Amino acid sequence: PFDWAMTQSNLGNALLLLGERESGTQHLQQAVAALEQALEVFRAARATYYVGITEEILASAMAELKKKQESAR
């Protein structure tokens, strides 16, 4: 499970980077989903270091998603 969570976290980070470069929000939404799934495993494993890193990336993804959704209105 921990390796899977690491993969999800890395995927979420990559999707965030893609989403920042695109006008749409699909990759950002996928990033949020992947990061949230990784956090569930990291929290269950009490891997506080990885929880912190993943929460920071998730916050960035959510902020970027919100910004793009607001600019689309």
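Everything numeric in this text was worked out from a predicted model, so none of it was measured.
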**Message:** Ignoring hydrogens, what is the shortest heavy-atom contact between Leu16 and Ser60? Give both atom names and the distance.
**Reply:** CD2-CB, 4.0 Å
**Message:** With a 6.0 Å cut-off (strictly less than), is the heavy-atom count around CE of Met62, excluding the residue itself, greater than 12?
**Reply:** no
**Item:** Closest heavy-atom pair and its distance - Thr54, Ala38
**Value:** CG2-CB, 4.4 Å
**Prompt:** How long is the gap from CD on Gln8 to CG on Asp3, to the nearest 0.5 Å?
**Reply:** 12.0 Å
**Item:** Gap between atom CD of Glu55 and atom OG1 of Thr48 - 0.5 Å precision
**Value:** 10.0 Å
**Message:** Between Glu70 and Arg73, does any side-chain N to carboxylate O distance fall below 4.0 Å?
**Reply:** no
**Message:** According to a hydrophobic-cluster definition based on side-chain heavy atoms being under 4.5 Å apart (Ile, Leu, Val, Met, Phe, Trp, Tyr only), do Ile57 and Leu11 belong together?
**Reply:** no
**Fill in**
Between Leu35 and Gly12 the two heavy atoms that sit nearest each other are CG-CA, 3.9 Å
**Item:** Verdict with reasoning, Gln69 to Gln29, per side-chain contact (heavy atoms from CB on, under 4.5 Å)
**Value:** CA-CA 11 Å; Gln69 287 173 334; Gln29 291 171 346; 4.1 Å; yes
**Prompt:** Once you round to the nearest 0.5 Å, how far does CG of Leu15 lie from CG of Asn10?
**Reply:** 11.0 Å
**Where at least one partner belongs to residues 44-69, residue pairs that pass ring pair (Phe, Tyr, Trp, His ring centres under 6.0 Å), sequence neighbours excluded** = Phe2-Tyr50, Phe42-Tyr50
**Asked** So, do Leu17 and Arg21 sit near enough that their side-chain heavy atoms are less than 4.5 Å apart?
**Response** yes
**Request:** Would you check if the side chain of Asn13 reaches a backbone N or O of Ser9 as a donor-acceptor pair within less than 3.5 Å?
**Result:** no
**Asked** With His27, which of Val32, Leu18, Leu65 fulfils side chain to side chain contact (heavy atoms under 4.5 Å, CB included)?
**Response** Leu18
